[in-house]
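In this chain, numbering begins with 1 at the start of the sequence shown.
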Amino acid sequence: MKVFKIILLVVVSIIGVLLIAAIFIKKEYTVKREIVINKPSEAIFAYVKQLKNHNEFNKWMRVDPATRKTYTGTDGTTGFTMAWESESSQVGKGEQEISRIEEGREIDYNIRFKEPFEAGASASIGTAPISAEQTKVTWGFNSSMKYPMNAMMIFMDIPEMLGKDLDTSLQSLKRIVELKQ
């Protein structure tokens with residue numbers, strides 16, 4: 001019985017330390033990645049502003065080929081919404097909505113995750129010409145984790161994990177648009 005009390009005390013102490021630490025750990029995070037693509041800026045922007053095209057290059061959209069998607073509005077315009085639902089816990093259920101378009105330069109969208117957990121994020125994809133045939137594409141992602149879930153940041157480098165997924169997606173985007181005529 002004494003061993004059980006010691007184990008319980010240790011577990012409660014660890015949980016207490018984590019909850020206290022979470023008070024001081026930042027809740028917001030930003031992830032931004034970029035890539036240079038050998039295509040004109042206008043062509044790339046026309047492609048990325050269409051959310052349906054994200055199904056081709058976005059790593060998260062390709063995790064479960066059986067994901068059900070529904071679309072509301074006119075793709076490539078403010079207010080267009082793409083909703084998804086999957087049996088896979090890696091994909092879950094949610095939606096993303098175009099919130100702002102600066103034509104030829106940047107598209108902003110809001111992401112609302114509903115399952116396996118509720119959360120929100122904002123993201124943007126921007127294009128900037130380097131030359132007539134080269135474009136820098138920047139993909140940014142802003143989100144936060146509420147207390148006490150932000151304690152997970154102690155054990156997981158969430159911005160780095162998301163950054164790797166953005167890098168993979170940008171590499172896919174580069175392959176796809178550089179092959180298009």
Side-chain angles (χ1 to χ4, degrees), residues 7-8 10-35 48-101 106-126 137-173:
I7 292 172
L8 184 61
V10 169
V11 170
V12 169
S13 297
I14 290 171
I15 291 171
V17 168
L18 288 175
L19 290 175
I20 291 170
I23 293 170
F24 302 101
I25 297 171
K26 67 180 185 176
K27 294 169 186 66
E28 297 82 27
Y29 58 90
T30 299
V31 181
K32 193 174 277 191
R33 295 293 193 270
E34 58 187 45
I35 194 168
V48 298
K49 86 173 193 176
Q50 303 289 317
L51 287 187
K52 289 180 183 177
N53 289 340
H54 290 218
N55 294 322
E56 296 177 18
F57 68 88
N58 185 322
K59 178 181 178 179
W60 300 301
M61 291 291 140
R62 298 183 329 202
V63 169
D64 177 12
T67 299
R68 294 172 302 286
K69 297 177 185 109
T70 56
Y71 304 97
T72 307
T74 303
D75 199 359
T77 64
T78 303
F80 177 77
T81 303
M82 177 183 70
W84 70 88
E85 188 171 354
S86 170
E87 301 301 318
S88 167
S89 62
Q90 289 181 306
V91 179
K93 180 179 180 181
E95 61 187 18
Q96 100 181 23
E97 177 182 1
I98 297 174
S99 59
R100 184 183 73 86
I101 296 176
E106 187 173 60
I107 176 172
D108 296 341
Y109 47 95
N110 294 317
I111 305 168
R112 295 177 286 274
F113 302 100
K114 298 177 180 180
E115 291 176 9
F117 55 86
E118 287 200 24
S122 61
S124 65
I125 297 178
V137 178
T138 305
W139 196 347
F141 188 86
N142 301 301
S143 191
S144 63
M145 296 183 79
K146 294 180 181 178
Y147 175 86
M149 294 305 292
N150 63 320
M152 289 183 2
M153 298 271 219
I154 295 171
F155 306 106
M156 299 167 50
D157 189 348
I158 292 171
E160 183 61 28
M161 290 170 33
L162 291 173
K164 287 179 182 177
D165 289 346
L166 287 178
D167 285 334
T168 299
S169 297
L170 286 170
Q171 287 294 332
S172 293
L173 174 64

Apply ring pair (Phe, Tyr, Trp, His ring centres under 6.0 Å) to Trp60 and list each qualifying residue two or more places apart in sequence or on a separate chain.
none
I'd like to check the side chain to side chain contact (heavy atoms under 4.5 Å, CB included) partners of [X]; sequence neighbours left out, ordered by chain and number.
| X | result |
| --- | --- |
| Lys52 | Tyr71, Asp75, Phe80 |
| Thr138 | Lys32, Glu34, Lys136 |
| Arg112 | Glu95, Glu97, Asn110 |

Quick one: does [X]'s side chain get under 4.5 Å of [Y]'s, heavy atoms only?
| X | Y | answer |
| --- | --- | --- |
| Met61 | Lys69 | yes |
| Ile101 | Tyr109 | no |
| Val137 | Leu170 | yes |
| Ile35 | Trp139 | no |
| Leu166 | Val31 | yes |

Listed pairs under 3.5 Å, donor-acceptor, residues 114-125 side chains, sequence neighbours left out:
none

Could you list the residues that satisfy side-chain hydrogen bond (donor to acceptor under 3.5 Å, both in side chains) with Asp108, not counting sequence neighbours?
Arg100
List in chain and number order the residues that pass side-chain hydrogen bond (donor to acceptor under 3.5 Å, both in side chains) with Thr30, two or more places apart in sequence or in another chain; answer none if no residue qualifies.
Asn142
In chain order, what residues pass the salt bridge (Lys or Arg N to Asp or Glu O under 4.0 Å) check against [X], with sequence neighbours excluded?
| X | answer |
| --- | --- |
| Asp64 | none |
| Lys49 | Glu103 |
| Asp167 | Arg33 |

Between Gln96 and Thr81, is the side-chain contact (heavy atoms from CB on, under 4.5 Å) condition met? List the steps.
CA-CA 6 Å; Gln96 100 181 23; Thr81 303; over 6 Å; no
What's the separation between atom CG in Asp165 and atom CD in Glu160, rounded to the nearest 0.5 Å?
10.5 Å
Nearest 0.5 angstrom please: Arg68 CZ to Glu87 CD, how far?
5.0 Å
Thr77 side-chain N/O to Gly73 backbone N/O, donor-acceptor pair under 3.5 Å
no
Would the distance check show the side chain of Ser86 and the main-chain N or O of Gly92 forming a donor-acceptor pair, the cut-off being under 3.5 Å?
no
Do you know the tightest heavy-atom contact between Trp84 and Thr67?
CB-CG2, 3.7 Å
To check you understand the geometry: which heavy-atom pair defines the closest contact between Val63 and Gln90, and what is its length?
CG1-OE1, 3.6 Å
Any chance you could lay out the side-chain contact (heavy atoms from CB on, under 4.5 Å) test for Met82 and Asn55, step after step, and finish with the verdict?
CA-CA 10 Å; Met82 177 183 70; Asn55 294 322; 3.8 Å; yes
